[in-house]
Novice: 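Just dropping this structure here.
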Amino acid sequence: MGILDGIKVLELGSYIMAPATCAILGEMGAEVIKIEEPGGGDPSRGLSIGPVQISPLFMLENRNKKSFAVDMTTEDGQKIVHQMIETADVLVTNMSEEVLARLGMQYATLSQINPRLIFASASAYGPKGPEAKRRNFDVSAFWTRGGFMSYLGEPDSAPPAQAAGAFGDHTASVHLALGVISALYHRERTGEGQRVNVSLLGTGIWTAAVPVQIALLLGFSLPRAGRKGALNPLYNNYKSRDGMWFMLALLQSDRHWPDLCCAVDREDLIDDPRFLSQDKRMENAGELVSTLDAIFSTKTMEEWAECFEKNNILFWDQARDYAEIATDPQALANDYIVDVKRDDSGENPVKLVAFPVQFTKSKGGIKSAAPELGQHTEELLLEIGYSWEDITDLKDREVIL
């Protein structure tokens, strides 16, 4: 039994943040119904890459869902969805307030139909303030406005663009899923439904909370330090002789400085006055980083890894690219990447990234691949009392697909 077995979730969203939230809820056992417009559905369906005839983005964000295709610009379409709201537990949406009002799906309307409904709203900048109505993607609302673009990279280089995308959307989706589950728990105790709001901007500020909090207390932002100006050169990235980048992760630098010197066979550095304390190492960071660069260039990554393990030196080994992650034996052993059947035949399964929260008592996980557009429309209409004659009429009038 999944944590959310018996919970019905309606999704009115597209692209990433809202669909990713519902993918998480689906993996925890909820029944998720994705409401799409019949003309093409979620635009991410069309984002195929290269020779792959399916959209990796759509497959990732829409597993464990049923697709219900209905034209909500029609009175009959809105009536159908309002009937579904009567028995739903949660609605998750990233549509703007203007679009929701046009479709008859604003919270004020739906809470009258179902006072127990949890209405989960995903936005770019939050529900209040001068930019409440502004729409945007996570590259802007999370990456740039959250401070990451200004804070990362070498001091004299251009600020780094967000690579691959969706870092903010996926982080925010976890927050929104947590909000939904918390609201369900509140409803269990009080019987009350409520609205839950999560934004990309708020998620970006929380994700960067440590440097933001430092700025709040100091009154200014810490500058980009770069490798040679690292505040703690023992918490920095270095390259081995065979060109592999790795990261030393020695946060307590005074405690670990002698251990590191012994591990790299440079005991003479332990009492070097330039590096004798954390403050001295920060003051002379450029010299220390150059010294460590020269040392680490003498052995391969495999040799350094063996040396670090033997001397209890914490490090993050070898920066991985995404293709390497897809075959990482540790990720596969823990079911962080899984094979999912695309149809009943079980042929040509697709590999998907799984949500990493796992339970020992509650069954969860990916049960089905992303649906075809409108795949479950007839099934769901029959469940809420429509006849085959009704369904035929709705199709003839192009209310449903």
Side-chain angles (χ1 to χ4, degrees), residues 2 4-14 18-19 22-23 25-27 29-46 53-55 58-59 61-93 95 99-100 102-106 109-119 340-348 350 366-401:
L4 297 180
D5 274 5
I7 297 297
K8 181 184 291 185
V9 178
L10 302 185
E11 175 196 306
L12 193 61
S14 61
C22 292
L25 299 176
E27 288 203 32
E31 177 189 12
V32 180
I33 300 168
K34 184 178 182 70
I35 300 172
E36 302 183 79
E37 56 87 19
D42 186 332
S44 69
R45 284 182 177 274
Q53 295 303 306
I54 56 175
S55 164
F58 187 80
M59 292 295 291
E61 313 299 359
N62 293 285
R63 66 280 194 100
N64 289 346
K65 298 180 185 178
K66 298 176 179 179
S67 174
F68 186 84
V70 59
D71 184 354
M72 292 187 63
T73 65
T74 66
E75 184 177 341
D76 284 334
Q78 291 182 22
K79 177 183 175 182
I80 291 170
V81 177
H82 285 175
Q83 285 180 263
M84 298 174 76
I85 288 291
E86 292 176 5
T87 57
D89 297 286
V90 181
L91 174 79
V92 179
T93 183
M95 291 189 173
V99 172
L100 290 172
R102 197 159 61 241
L103 299 178
M105 295 294 287
Q106 61 270 60
T109 299
L110 301 188
S111 62
Q112 292 297 314
I113 296 171
N114 180 357
R116 289 172 54 83
L117 182 71
I118 308 304
F119 185 101
V340 178
K341 294 189 299 182
R342 295 178 61 185
D343 52 42
D344 292 337
S345 72
E347 297 179 1
N348 302 315
V350 62
I366 303 174
K367 299 179 288 294
S368 62
E372 298 296 327
L373 178 61
Q375 180 178 336
H376 304 91
T377 302
E378 295 174 354
E379 167 193 329
L380 292 165
L381 284 172
L382 290 169
E383 285 182 8
I384 61 175
Y386 282 75
S387 67
W388 281 112
E389 290 77 11
D390 296 329
I391 292 171
T392 300
D393 176 60
L394 290 167
K395 282 192 173 184
D396 290 342
R397 291 190 289 115
E398 298 184 343
V399 176
I400 61 171
L401 180 64

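Numbers here are sequence positions counted from 1.
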Novice: Among I33, I400, I35, whose side-chain contact (heavy atoms from CB on, under 4.5 Å) with L380 holds?
Specialist: I33
Novice: Give the intermediate values and the outcome of side chain to side chain contact (heavy atoms under 4.5 Å, CB included) for residues V32 and N64.
Specialist: CA-CA 7 Å; V32 180; N64 289 346; 5.9 Å; no
Novice: Are there more than 12 heavy atoms of other residues, nucleotides or ligands under 6.0 Å from atom CD of E379?
Specialist: yes
Novice: Where do G29 and D5 come nearest, in terms of heavy atoms and distance?
Specialist: O-OD1, 3.2 Å
Novice: Using a 3.5 Å distance criterion without hydrogens, assess whether the side chain of E37 forms a donor-acceptor pair with backbone atoms of G40.
Specialist: yes
Novice: Using the side chain to side chain donor-acceptor pair (under 3.5 Å) definition, which of the options D76, T74, D71 pairs with R397?
Specialist: D76
Novice: Decide yes or no for T93 and F119: does some side-chain heavy atom of the first lie under 4.5 Å from some side-chain heavy atom of the second?
Specialist: yes
Novice: Enter the distance from T87:OG1 to E383:CD here, rounded to the nearest 0.5 Å.
Specialist: 9.0 Å
Novice: Do M84 and K8 come within less than 4.5 Å of each other through their side chains, counting heavy atoms only?
Specialist: no
Novice: Would you find a donor on one side and an acceptor on the other, under 3.5 Å apart, between the side chain of T109 and the backbone of G104?
Specialist: no
Novice: Tell me, do R63 and E27 make a side-chain contact under 4.5 Å, heavy atoms counted?
Specialist: yes
Novice: Ignoring hydrogens and geometry, is there a side-chain-to-backbone donor-acceptor pair from N114 to A88 under 3.5 Å?
Specialist: yes
Novice: Testing the basics here: between L110 and L117, what is the closest heavy-atom pair and its distance to 0.1 Å?
Specialist: CB-CD2, 3.8 Å
Novice: If you compare all heavy atoms of A69 against all heavy atoms of T377, which two are closest, and at what distance to 0.1 Å?
Specialist: N-OG1, 3.0 Å
Novice: Working to the nearest 0.5 angstrom, can you tell me the gap between E86 CD and I384 CD1?
Specialist: 8.5 Å
Novice: CD of E398: more than 12 outside heavy atoms within 6.0 angstrom?
Specialist: no
Novice: Please lay out, stage by stage, how L4 and V9 fare under the test side chain to side chain contact (heavy atoms under 4.5 Å, CB included).
Specialist: CA-CA 10 Å; L4 297 180; V9 178; over 6 Å; no
Novice: Where do S14 and P19 come nearest, in terms of heavy atoms and distance?
Specialist: O-CD, 3.6 Å
Novice: Are any of the side-chain heavy atoms of Q78 and V70 separated by less than 4.5 Å?
Specialist: no
Novice: Using a 4.5 Å cut-off on heavy atoms from C-beta on, say whether the side chain of M105 contacts that of L100.
Specialist: yes
Novice: I need the H82 NE2 to K79 NZ distance, nearest 0.5 Å.
Specialist: 12.0 Å
Novice: Mark yes or no for whether K66, through its side chain, and P371, through its backbone, hold a donor-acceptor pair below 3.5 Å.
Specialist: no
Novice: Side chains of S44 and E61: closer than 4.5 Å at any heavy-atom pair?
Specialist: no
Novice: Side chains of E378 and W388: does their closest heavy-atom pair fall under 4.5 Å?
Specialist: yes
Novice: Can you tell me how far the CG atom of L12 sits from the CG atom of L103, to the nearest 0.5 Å?
Specialist: 6.5 Å
Novice: Salt bridge (charged side-chain N to carboxylate O under 4.0 Å, His left out) with D89: which residues, sequence neighbours excluded?
Specialist: R187
Novice: State which residue, out of E36, K34, E11, fulfils the side chain to side chain donor-acceptor pair (under 3.5 Å) condition with S67.
Specialist: E36
Novice: Taking the side chain as everything from C-beta on, heavy atoms only, tell me whether L381 gets closer than 4.5 Å to D390.
Specialist: no
Novice: For a side chain to side chain contact (heavy atoms under 4.5 Å, CB included) check, start with the C-alpha distance between L25 and I7, then their side-chain angles and the critical distance, and finish with the verdict.
Specialist: CA-CA 9 Å; L25 299 176; I7 297 297; over 6 Å; no
Novice: Nearest 0.5 Å, what's the CZ-CG distance between F58 and L373?
Specialist: 8.0 Å
